[in-house]
Amino acid sequence: MAISRRTVVVAAASAALGLGGGVVASAADTPAAPAQIQSPGELWKRTELFFGTGKPDGTEVTDKEFAAFSDREITAAFPDGFTRLDGSGQWRGGSGTIVREHTHVVVLLYPFADREAEREIEGLRADYEKQFQQESVLRSDSVAKVSF
C-alpha cells in the first residue's frame, strides 16, 4: 500500500507535537479505515527543568535544601501544581569532566496564554544556579495534550 504525502505530513506533525500513538491512514487512503478516536484535552506547554545536585566543592544539594527551595520558589511560581521526579543524571561540564549526580526533574504544564510562566521559569533557573553554585539548569520544552 502506498502512503500518501498527506499521511506522512500528518504523522510527522503529530510526532513533533507528541500527539497520537502511531500513523493512522485517512479515509482517502483506505476505504475501510476506522474512525480516528481523539483523546480529550487541549494543547498546553510542557517544561521540564533538571536540577542537578552536585556542587563544585564536591558536596551535594541535600533533599532538605531542595525541598526548601521548592517550597519557597517553585510553589510560589506555580501554585496550581507541578510534578517532581528524582533521578540520576550525567552530563559533561564546561571543564570537560563527566559529572554524575542526583537530579530533581520538575515537570510544569501551563496554558499557552500564561505569559508569566516564561519569566517565572527563567527566574527559577537563575535562582537555583546562583544559590547552589550550578553551571546550569537544563530546560526542555515541548507541547502536551492535557485533560484534567
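In what follows, every heavy atom counts, from backbone to side chain, and hydrogens, waters and symmetry copies are set aside. The first residue of the sequence shown is numbered 1, and numbering continues consecutively from there.
Here the side chains of Lys145 and Gln38 are in contact, with some heavy-atom distance below 4.5 Å. Contact check for Glu135 versus Trp91: side-chain heavy atoms found under the 4.5 Å cut-off. Side-chain contact between Ile121 and Arg139: present, with at least one pair of heavy atoms (C-beta onward) separated by less than 4.5 Å. Between Arg72 and Gln131 the shortest side-chain heavy-atom distance falls below 4.5 Å. Between His102 and Asp86 the shortest side-chain heavy-atom distance falls below 4.5 Å. The closest side-chain heavy-atom distance from Leu124 to Leu49 is below 4.5 Å. Two residues are said to be in side-chain contact when any heavy atoms from C-beta on lie closer than 4.5 Å; His104 and Asp63 meet this criterion. Looking only at side-chain heavy atoms (C-beta outward), Leu85 and Val107 come within less than 4.5 Å of each other.
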message: Applying side-chain contact (heavy atoms from CB on, under 4.5 Å) to Asp127 and Lys130, what does each step give before you reach the verdict?
response: CA-CA 5 Å; Asp127 291 349; Lys130 183 178 178 183; 6.0 Å; no
- prompt: Checking side-chain contact (heavy atoms from CB on, under 4.5 Å) for the pair Glu101/Ser88: CA distance, chi angles, key distance, verdict?
  reply: CA-CA 6 Å; Glu101 61 187 344; Ser88 297; over 6 Å; no
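No donor-acceptor pair closer than 3.5 Å links the side chain of Lys45 to the backbone N or O of Ser142.
Clustering ILVMFWY residues whenever any of their side-chain heavy atoms sit less than 4.5 angstrom apart, transitively, puts Phe50 in a cluster other than the one holding Phe69.
Aromatic ring centres of Phe132 and Tyr128 lie closer together than 6.0 Å.
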